[in-house]
Every structure is written in C-alpha cells, then in structure tokens.
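Following: one structure in structure tokens, then a few remarks.
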Amino acid sequence: MDGISLLTITVLAVFVGFEVVSKVSSTLHTPLMSGANAIHGIILVGAIIVAGQATHPWVLAVALLAVVLATANLVGGFVVTDRMLEMFRGRKEKPAKPAPGVGAPGVAQPETKENTEATR
Amino acid sequence: MDGISLLTITVLAVFVGFEVVSKVSSTLHTPLMSGANAIHGIILVGAIIVAGQATHPWVLAVALLAVVLATANLVGGFVVTDRMLEMFRGRKEKPAKPAPGVGAPGVAQPETKENTEATR
Amino acid sequence: MILLDPNVTALLYLAAAVFFILALKGLNSPRTARRGNLIGAFGALVAVVTVFFSTRLDNVPLILGAIAVGSGVAAPVARRVKMTQMPQLVALFNGVGGGAAALVALLELPHAEDAWVRVAVVFTLLVGAVSFAGSAVTFAKLQELMTTRPVVFPGLPVLMGAVLLAAVGAAAAVVMGGSLALALLLLLLGLVAGVLLVLPVGGADVPIVISLLNAFTGLAVAASGLVLGNVLLVVAGTLVGASGTILTRAMAAAMGRSVAGILFGAFRGGSTAGSTVMSDRPVRSSSPEDVAVLLGYAQRVIIVPGYGLAVAQGQHTAAELAQALESRGIRVDFAIHPVAGRMPGHMNVLLAEANVPYESLKEMGEINSEFRTADVALVVGANDVVNPAAKTTAGSPIYGMPILEVADARQVVFLKRSMRPGFAGIENDLMFEPQTTLLFGDAKESLTKVLGAVKAL
Amino acid sequence: MILLDPNVTALLYLAAAVFFILALKGLNSPRTARRGNLIGAFGALVAVVTVFFSTRLDNVPLILGAIAVGSGVAAPVARRVKMTQMPQLVALFNGVGGGAAALVALLELPHAEDAWVRVAVVFTLLVGAVSFAGSAVTFAKLQELMTTRPVVFPGLPVLMGAVLLAAVGAAAAVVMGGSLALALLLLLLGLVAGVLLVLPVGGADVPIVISLLNAFTGLAVAASGLVLGNVLLVVAGTLVGASGTILTRAMAAAMGRSVAGILFGAFRGGSTAGSTVMSDRPVRSSSPEDVAVLLGYAQRVIIVPGYGLAVAQGQHTAAELAQALESRGIRVDFAIHPVAGRMPGHMNVLLAEANVPYESLKEMGEINSEFRTADVALVVGANDVVNPAAKTTAGSPIYGMPILEVADARQVVFLKRSMRPGFAGIENDLMFEPQTTLLFGDAKESLTKVLGAVKAL
Ligand SMILES: NC(=O)c1ccc[n+]([C@@H]2O[C@H](COP(=O)([O-])OP(=O)(O)OC[C@H]3O[C@@H](n4cnc5c(N)ncnc54)[C@H](OP(=O)(O)O)[C@@H]3O)[C@@H](O)[C@H]2O)c1
Ligand SMILES: NC(=O)c1ccc[n+]([C@@H]2O[C@H](COP(=O)([O-])OP(=O)(O)OC[C@H]3O[C@@H](n4cnc5c(N)ncnc54)[C@H](OP(=O)(O)O)[C@@H]3O)[C@@H](O)[C@H]2O)c1
C-alpha cells in the first residue's frame, strides 16, 4: 500500500476516533479508556509477524517477549473492561424499586436527569 | 491506488459521514442538506478531467455539459447554503432584548431550552 | 502549464477532503455553520485549482468557458432566490450534480478495461440518472409546475418493477461487454426510474426525498471516483452519501415518517389523495377587533406561525404584535413546529430575522404541554402542523406526524385567506370546532389590523 | 499451513478495523458498552487468526506458547483484581502494549530500507518507551509502591530537556544511518523521559496521565503499522490515539484541569506538595447515636460517597441506611462527584451494585444547588471532592476542581477513620468548621452502627 493511501487512511481514522468518543458521559470514561487500551493490544499482530520471521535467536527472544506483552495488553484489556462493565449492569437484574424506563439505570445519567425532571 | 486502499478509505469515510451529522438539530437540517449537496458538486473535478482528455467533438460536448452542470451544483450549492445561513445570524446584530448567553440565539435551540429553564 | 508532482497533488486532494469533513462538522452547530460552508467552498476551490495544475488537459479554454457559464447561471439564481423557493433550488442543484456524475461515467465507459470499474460505471450511470430525474420531479412539485399531491396510477408498481428489471439486465450487459448503446439505455431507464420513484410521493414529504436523492448523488460521485481512480471524489461522495442517509432519516423522524413509508407507501395504496378544493362547511369568522379583544384580555397567548406567515412576509408584524401584548403584561410565546413552513428550521429563521427574543421561541416538545394553560392560540398561516387528523385519521397523508396541540387552548384563532387546505391538501377539522374563530385575509394585513386594534384597546 | 489470498487477508483486516470502530461506538453508551467491548475482542480474534493464516511464519509453536503465557498471566489477574485497583491494572496493560510496540519497531529497524520508514521506527521506539516507563510509574503511584505526591527536584526541567535533546539527536542519527546501537540508546532515553514525565504528576491527576499514555501507545501502534505496512495497525492505533486524546481532555475537564497544566504545572513549580501527616487541630467528633439523631429527625439528607466507602465495601450498608431514613419520610439523595473514588464513574458503579434506586443518584451539577436545602450532608469516606480548598486556595493541588458544596448544608457529618487527608494529600478545612462533626471509624462499621441507632429511634 502506498504512502498516500496510508496517509489518507490515517487522516480519516483520526476523524473517526475524534467523532466516535466526542459525546461520552463521564461515567463511561474509565471503561472507554480501558477498551481503547485493549484495542491497541492489536500490536500483537505485529509482534507475531516479527517473531514468525525471526531467524537469529536473540531476535526471536525479543520478539517472543513482545508477543507476551502484547497478548497481556490485548487479553487483559478486554477482560478487565468487561469486568468493569459487568458492574454497570448490576442494577438491571434486581431493581430495588420499580421505576419507569429501566435499562442500565445506575449509570444512564442523562436518563436519570430526564426522569427526575419528569417526576418533579 | 489499489482496490483495498480505496475500499478502506470508503469504509472510513462512511463512518466519518455517519458520525459527523449524527447530532445535528432539526433547525440545521436544511442548511446541512444544502451544504452536503454543494460538496458533491466536486464531481466537477471528474468532469474537468474527462473534458480535458476528450478528443472526439461529441465526447467533448457531453463533457463540457457535465462541467456546466457540475459547476452549477458546486457554485450554486455553496452560495445558496451561505444565503440560508446568513439569515440565521440576523439576530446577533441587533438583539431586541439584552439576554444572557447570546450567539446565534434564534436558532440555538438547546441553548434556548437551557436558558428558559434557568429563568423559570 | 507546470504540472504538480503526483504526491503533492494527492496531498492537495487530501487537504480538500479534510476541508469537506470540517465543513460538515461546522454545519452541525449554528455558531460555526456559516464558516463551515465557507471552508467547504475553499476545499472545492483547492481541488479545482489542483486538477488544472496536475493533469495534462486539452481544451482548457473551453473548460474554463463551461465553468464560467455554470457559475454565471447558478450564482445569481442562488443569490436572488426567495426564501420560500430555496428547497426547490437545492433539488435542482442536486439533480444537475447527479446528471454530471452520470455523464462522466458514460464518457469513461470506453476507457474502463476492468469489469470492476465497469460495475462502478453502471452504478454511477443508474444512480446519477435516478437522482437527476427524481430531483427534476421534486423541483416541479415544489415549484408547483405540477400537482403536489401523490401521483399514483394502477400499473405503477408493475411498471417500476419492469424498469428496474430492465436496468439490472442492461447493467449486467454493460459490465460484461461495455456496450455504449446499452449504457445509454441504462441512462434512460435510470431517468424513468427516477420519475417513477418520486411521482407517488406526497408534497409534504418532498424535502425528505430531496435529502435522499442528495445522498444518492453522493454515492454516484463516490462511484465515479472509483471509475476515475480519484480519492477525493471517493471520499467526498461517500461523506455525502453517508451523512445524507443519516440526515434523511433524521428529517423523516422529525416529521413522524419512515423513509420506506414515504417511498413505498403510495405503492401500497396507503396514501389517500387529499382534496384541494375549498370546504363549504360553516365556520365562525370574526373581525380584527374581536381578535384584538380576545388577545388583549388574555393572560397567556401562544402564536403558531406557519407557511402562510412566510409567504405574507408578516414576521415583523407578528413580532410587533407579540411586543404589544407583552407590554400589556400578557405572556406570549411562539410555538415552533419542526416542519412548519417549507423547510426545516424555516420558522426559526423567519422569526429570528424579525428579532423575536429567543426565549420566546419554543420547540414543539417544550410547548405542547403548555397549550392547556393558554387562553388563545393564534395560528398564523399554519394548517397542517396543527391538524388533529395527524393523530386521528389513519389514512391521512400526515398521519403519524407529531403536531402542535393548539386544540388544548381555550380559544383558537386562525389567520388565513380562505378555507383552502395547506400543503398536504387535507381539510382541518379544528377549524369547525366551537372554540375556533377565523380571521380571513392575508396574514400580514390581518396582523396589522389586529395590532392596530390591540393598541386602541 | 494454507495461506489466505492477500485480498481476503486485507478484507479480514478491514473487518477487524470496523469491529474496533464499532467497539468504540458501543462503549459510548451504558446500554451498548458491554457488547461494544465484546465486539472489539471479536475483532482482535479475527485479526490474530488472520495473521496466522496469511503470513508465512516460522516458530509457530513458540509464538503460540508466548500467547498462552501472556493470556495465562493477564486474564486471571484481570479477572481477580479488586475494583479499587482497576486503574493501575489498565495502566499496566497500557504500558506493556507500548513496550511491545517499541520492541517490534526495534526488530524491524534492520529491514527498514526507506528513510521514511525509519522515521516511523524511531517514533514508535520513543513513544512506546515513554508509554511503557510512564505507565510503570503511574502503576507504582496508584499501587502506592511510591508516594502519590508530585516528585519534583530542582534539576528536573533541565534534565528532561537534556534527555529530549539527546533523544532527538539519536532519532535523527537512526533515521540517517539505521544504527541499532543508537536505537537502543533511543529506547533507553525514551524510558527515562517516560519516568521524568510522570514523576511530577500529583496522584489525583494520575488517571488523566494514564489516559494520555494510552493515546501515546495508540500512536506508537499506528506508527508500527506504517513500519510493517499493516493497515489494521495503522487504523486501530490511530483510532486509539485520536479517541484517547479527546478522552484525556474530557477527563481533565471533568476534574477542572488542563492537560498541559497537569504535565507542566509541577515543572513550573506551581504544585504545592500536600502534607500526608495527620492534623492535630481540634475537631468535633460524635457518637453513632448522635449522628442517628441528626439524621433521623432531618427532612432532607444528602449522602456524599467517596473512596473510603469503596475500600470499606460499605455501599450496601449505605443503601440500607438511605432506605431506613426514607421509610421515616426523609428525602435522601446520593451526590455523585465525577471523580469521587479512584476512577471516573466509580461511585455510580458502586451504588448501582448496591441497588440504590437511580432516581436517588444525583450528578454534581444537579445536586449542588440543593445542598442549601439539606439538613445533613453525610460525607462517607470522601474528602477531596468536598474540599473547599479547590475554590479558595490557589496553590492547592486540587485548585480549580469543581466540588460538591456540602458546606451549604446545615450540618455536615464526616465518616472517616482518622484525620488523615485524602488522595491529594491536603487538609480539609471544612472538618474544623462549627457545623461539622466527625464520626471516626471504618466507613462500613460506622454506617452499620448509625443504621442500628436510626432503627432504634
Ligand atoms: N418545513 C419543512 O421542512 C417542510 C418542507 C416541505 C413541506 N412541508 C410541509 O408543509 C406543511 C407545513 O405546515 P404549515 O402548517 O406551516 O403550512 P400549511 O399546512 O401549508 O398551511 C399554510 C396555510 O397558510 C395559509 N396561507 C397561505 N398564504 C397565506 C397568506 N398570504 N396569508 C395568510 N395565510 C396564508 C394557507 O391557507 P389559505 O390559502 O386559505 O390562506 C394554508 O392553509 C406541512 O405539511 C409540512 O409537512 C414542510
Ligand atoms: N475518580 C477518579 O477518576 C480518580 C482517579 C484517581 C484519583 N482521583 C482522586 O481521588 C480523590 C477522590 O476523592 P474522594 O473524596 O472520593 O476520596 P479522598 O479524597 O481520597 O478521600 C478519601 C477519604 O476516605 C477516608 N477513608 C479511607 N478508607 C476509609 C475507610 N475504610 N473507612 C472510612 N473512611 C476511609 C480517608 O480518610 P481516613 O484515612 O482518615 O479514613 C480519606 O480522607 C480526588 O482527589 C480525585 O481527584 C480520582
């Protein structure tokens, strides 16, 4: 792939990255950071390629270290994000009080606001 | 540029297009439509290329027609959008009542809402 | 002519694409919209200059002449068009853009060696032609060169099916063989399909169809970019295609519609053609003085502006009336329906122009619960946006659209010229209700008279 | 091993990139967040499987072994970590990702024929190393392996400048000559720079720095994608880099901070190191019974949860106490500060877990004006988020952060174990105010006692 294509792709990806997170509520900052963190663990693909083409043992050793680190980033990142988000659901399963408009209530701040305003 | 690059670019542009307009207020629907309309007038670039490489008079004639049409789209589109948006400013210049948080007031619906709520 | 290095060219095109993205971003917010549009125009300028300095072009004087003609026609028209006619002008510009894309694809067909490229060619041809013809019909509807009501005839779905089938066949043949004659046939079929697509759409839904065809043109331009191998066309076209799709859905939602319903509703026979004749059911009409008394001794008045206020250019008088009432201690608000008038945001623009304080402009969602506290709802040149048929009459062309609940007010006053219906061409039962009075006449004149009478109270 | 066609490979990578975009989109909303994360994990799976079936790889068993080791270590740790330790685990994972990127770039240097590619190599090396070392220091701070207070020493800015200058020199030399030794030096300089970057950051700002380093790692991965000519790495890395930048700014804004202020504030000497010693100024402390009386005869109580509630795992008791008070007809709300606890959203998660009805969870902006109508503000294990120094003391490390205005309540009750300060290490003058009482003890135990006393009223 030529340089101009890669540049164009990079520029577009910047815009996608900017736009996609520009409206997230502060409640989700930590899971979003953690999820993004997991995504860059995809450097694992690069580490695998380098390790698979290594001929010198030293190179192979370093490359395998990179594979281990990248895997930890990738796997650990997704698992820890899932655990965080699991807690966000806690409430849906056994609501303490029946209330209108359920659905991840504890964290849906905008919803909370609307609802409380409506009940005032 | 190879097919995969073009495909990748297209996919990313789809996401940018989706995200960029996903939160626009209904007040701005018409100018946004009109502005987007102007942007696809950039087909002018294609028409110019085709006209500039035409050798047969018939081809040239059709290509020049395409240039005229594309120019009308491009130039007319931006001008008409600008005219629409010009009216959206009308209020800033001579506010009828001094009010907190000026700035394109007549159309800033969310602002309006906040303000009226605050004054209630 | 000095030719630019291919890499520099590519960078300039990329810069233009970024300007287009920034333009769309800017158009998202009232504060940045105008600058956004200018950024887009600048991007277009960059791109056009780039093409001249990066490609070996013959016929440059002719091309420049064609550009001069195109701008010379479009710019003055765009500058002078009346507010109320902007939607049809947008439709027109959209259509010619689609036409241009189709012509470019047609001329590139002989050079399209690869079957994949020919796929892009037939796509551009077909979609560009649909957009061109469809936009022409929407133009005719909005400009009232033809009826604004849905045009349906018995064989329509079958005919449409046949045309599409033929188009698919022709498209396949062109992809295989590259025949220019068949490509011309495809172009023709696209034109017919475009007409058939838009004919059954009711006038009130036309803006949504314009937006949809706008997205179509974007896709055609993107495909033509694939044909020419030009990244800028691909990105710009795709951007417009994607954002246009979202925008179409958002607009339809604001009118309580679904896009599929608009396009295929008429096919399924769901649309009842409204009547455009005047009703002769009895109504209660009154004098400007009566209306002035109603308003002048109210506690709370809600003014509902509509298309009629825009054509009568009565916004300044309406604003004055509101001020006069407020100086009597009456609370006055304007209730803004998202599709009042002939384009979204029409009423905001209009009243903003007349310096109505923005705290008085209330969105539908906000004001609807407050009509029941209003003594008078003054409906000025609006009709469809307050028509209860949208809630009660399942077959009505506006069924499902959210409306302003003026019927909740203690008194309803309509200012209009006659008993003619509004855009959707249907009668409004609210006019025959006991709490309703009508003051006939041009909106601006009526408002002036009422204003005078209020001041005289 | 059957190798996939390059086009199929490219399509699969593109699909993985799309899954990543959808993952980030999903993470934007509580309802779709978990599914979004799973979509991202699926995208990663697709990509990893693809690389095995599309590239001619040696050492496959070793690679698989390394993957097994990496997952075998990371997954259980991630699954078992305590809620309060999640931020440091994220920092750790982020750091190893940056380290992996740096190593990949190092190993690719000998194959980088083109100077432009070597630019990408040195960028990845440097940024990856900064991210690795910086994350290690944030981990140490959060895990309290070292002081959470800003570490500043006189020569710091000079040293940092020297390191960066040396790094630029080494980077330029590597781009020119491709020397591996200099690349190793560059790696080392990156590590030092990472440490120096994070040392002066106060503990309260550490989450923001983690987010920033996360964006750094994204950029390093994108650059490594340029080195390897792998579009997926480019897209995924850029996505994380861009979204991480926005997120960092958003997080800083939520804490009333600017990113530049956090990074360079300490250099400029703006940061006053707080004290971690206990204060011996006199305070009013009271018994659980006193607190129960205060609460039980109030009309309105606002509970302010903080980090101490989380470590004491007292959320269920707090929810019970709120219920007990409500059954006495008292209005009880929870006031949620965006950075209460140790990660954004910490308190929402915690109280959601304890089934606090979500109408009772009030955001800072919403509840702040209501403290003045509250009889009692019950501050449970919170400190910095209610510290008026944020408004009054310009030199304070939390200066400028918006706080919960508990001082407006008629009575303020703190539940904490001692007079030790909170995360930011500064004294809270509010504790010495006449309207304040303290109930010393572990948050959960104190709450249990107060609950018992309330029930006995
Ligand atoms: N906003 C958009 O995006 C958009 C775009 C296209 C279509 N539409 C559609 O347009 C309609 C808008 O509703 P609307 O209530 O604003 O308008 P409307 O339903 O079209 O009604 C306008 C009314 O104003 C009266 N009128 C016309 N000229 C007048 C004048 N000079 N003085 C006084 N009255 C005058 C007309 O009655 P007389 O002839 O008896 O005076 C007519 O009944 C909706 O159906 C909407 O779907 C909206
Ligand atoms: N949310 C985030 O994203 C985030 C991330 C990192 C840092 N921070 C920072 O963390 C701070 C959060 O403020 P905060 O008010 O929630 O917490 P805080 O200021 O750290 O105060 C916590 C208080 O809880 C008390 N405590 C600790 N363990 C306890 C226990 N078992 N029982 C009872 N009390 C206990 C401590 O006093 P004793 O020791 O005397 O009991 C301490 O004063 C802010 O400075 C914020 O900037 C936030």
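In what follows, every chain begins at residue 1, and chains take the letters A, B, ... in the order their sequences are listed.
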Under 4.5 Å from a heavy atom of chain A, the part of D:V90 involved: both

Let me know if D:N28 has heavy atoms under 4.5 Å from chain A in its side chain, its backbone, both or neither. both

Heavy-atom side-chain contact between D:S224 and A:I43 under 4.5 Å: yes

Considering only heavy atoms from C-beta outward, does the side chain of A:V80 approach that of D:M86 to under 4.5 Å? yes

Would A:V75 and D:F93 count as a side chain to side chain contact (heavy atoms under 4.5 Å, CB included) if you check the C-alpha gap in whole Å, the side-chain angles of each, and the deciding distance to 0.1 Å? CA-CA 9 Å; A:V75 175; D:F93 288 148; over 6 Å; no

When rounded to the nearest 0.5 angstrom, what is the spacing between OG1 in A:T55 and CG in D:D58? 8.5 Å

Closest-packed option against chain D by number of heavy-atom pairs under 4.5 Å, given A:V14, A:V67, A:I48: A:I48

Side chain / backbone / both / neither for D:R35 at chain A, heavy atoms under 4.5 Å: neither

Chain A interface, residue from D:A319, D:A41, D:A74, D:G225 that has the most non-hydrogen pairs under 4.5 Å: D:A41

Quick one: what part of D:I67 sits under 4.5 Å from any heavy atom of chain A, side chain, backbone, both or neither? both

Just so I understand: if I count every heavy-atom pair under 4.5 Å between each of A:V50, A:L65, A:D82 and chain D, which residue has the most? A:D82

side-chain hydrogen bond (donor to acceptor under 3.5 Å, both in side chains) partners of A:T81, counting only residues at least two apart: A:S34

Structural part of D:V96 lying under 4.5 Å from a heavy atom of chain A: both

Check the pair A:F78, D:L38 against side chain to side chain contact (heavy atoms under 4.5 Å, CB included), reporting the backbone distance first and the verdict last. CA-CA 8 Å; A:F78 283 117; D:L38 291 180; over 6 Å; no

Heavy-atom distances under 4.5 Å only: say whether D:A250 touches chain A with side chain, backbone, both or neither. both

Between D:L232, D:T217, D:V235, D:V234, which residue shows the highest count of heavy-atom pairs closer than 4.5 Å to chain A? D:T217

Taking A:L85's backbone N and O only, do any of them form a donor-acceptor pair with D:R34's side chain (distance below 3.5 Å, no angle check)? no

Would a 4.5 Å heavy-atom cut-off, applied to side chains only, mark A:M84 and D:N37 as touching? no

Applying salt bridge (charged side-chain N to carboxylate O under 4.0 Å, His left out), which residue pairs with at least one partner in residues 10-22 of chain A are found, sequence neighbours left out? A:E19-B:K23, A:E19-C:K25

If you tally heavy-atom pairs under 4.5 Å between each of D:L213, D:I210, D:V104 and chain A, the highest tally belongs to D:V104

Any idea which heavy atoms bring D:A44 and A:I42 closest together, and the distance? CA-CD1, 4.0 Å

I'd like to verify something: which residue of A:L44, A:V62, A:L74 has the highest number of heavy-atom pairs under 4.5 Å with chain D? A:V62

For A:A70, is it the side chain, the backbone, both or neither that has a heavy atom under 4.5 Å from a heavy atom of chain D? both

Check each atom of D:L24 against the heavy atoms of chain A and say whether the ones under 4.5 Å are side chain, backbone, both or neither. both

Atom CZ in A:F15, atom OG1 in D:T238: separation rounded to 0.5 Å? 12.5 Å

Comparing D:A16, D:A33, D:A222 against chain A, the one with the most heavy-atom pairs below 4.5 Å turns out to be D:A33

Minimal non-hydrogen separation, D:V240 against A:A36, with atom names: CG2-O, 3.4 Å

For A:N37 and D:N94, which heavy atoms make the closest approach, and how far apart are they? OD1-CA, 3.1 Å

For D:A100 against A:A66, the heavy-atom pair lying closest together: CB-O, 3.6 Å

Could you check which of D:A75, D:G36, D:G40 has the highest count of heavy-atom pairs closer than 4.5 Å to chain A? D:G40

Say whether, by atom type as modelled, one donor and one acceptor occur between the side chain of D:N59 and the main chain of A:A51 under 3.5 angstrom. yes

With a 4.5 Å limit on heavy-atom distance, are the side chains of D:L27 and A:V21 in contact? no

Under 4.5 Å from any heavy atom of chain D, what part of A:L60 do you find: side chain, backbone, both or neither? side chain

For A:I49, is it the side chain, the backbone, both, or neither that has a heavy atom closer than 4.5 Å to a heavy atom of chain D? both

Test your reading of the model: is there a side-chain donor-acceptor pair from D:N214 to the backbone of A:M33, 3.5 Å cut-off? yes

Are any side-chain N or O atoms of A:R83 and backbone N or O atoms of D:V81, one a donor and one an acceptor, separated by less than 3.5 Å? yes

Turns out that what part of D:S29 lies under 4.5 Å from chain A's heavy atoms comes down to backbone

Please report the interatomic distance NE2(A:H40) to CG(D:L219), rounded to the nearest 0.5 Å. 10.0 Å

Okay, A:L32 and chain D: the region with an atom under 4.5 Å from a heavy atom over there is both

Which heavy atom of A:G76 sits nearest to which heavy atom of D:A78, and what is that distance? O-CB, 3.7 Å

Looking only at D:A101, D:A17, D:A66, the option with the highest number of non-hydrogen pairs under 4.5 Å against chain A is D:A66

Find the one option among A:L12, A:I39, A:V79, A:V16 whose heavy-atom pairs under 4.5 Å with chain D are most numerous. A:I39

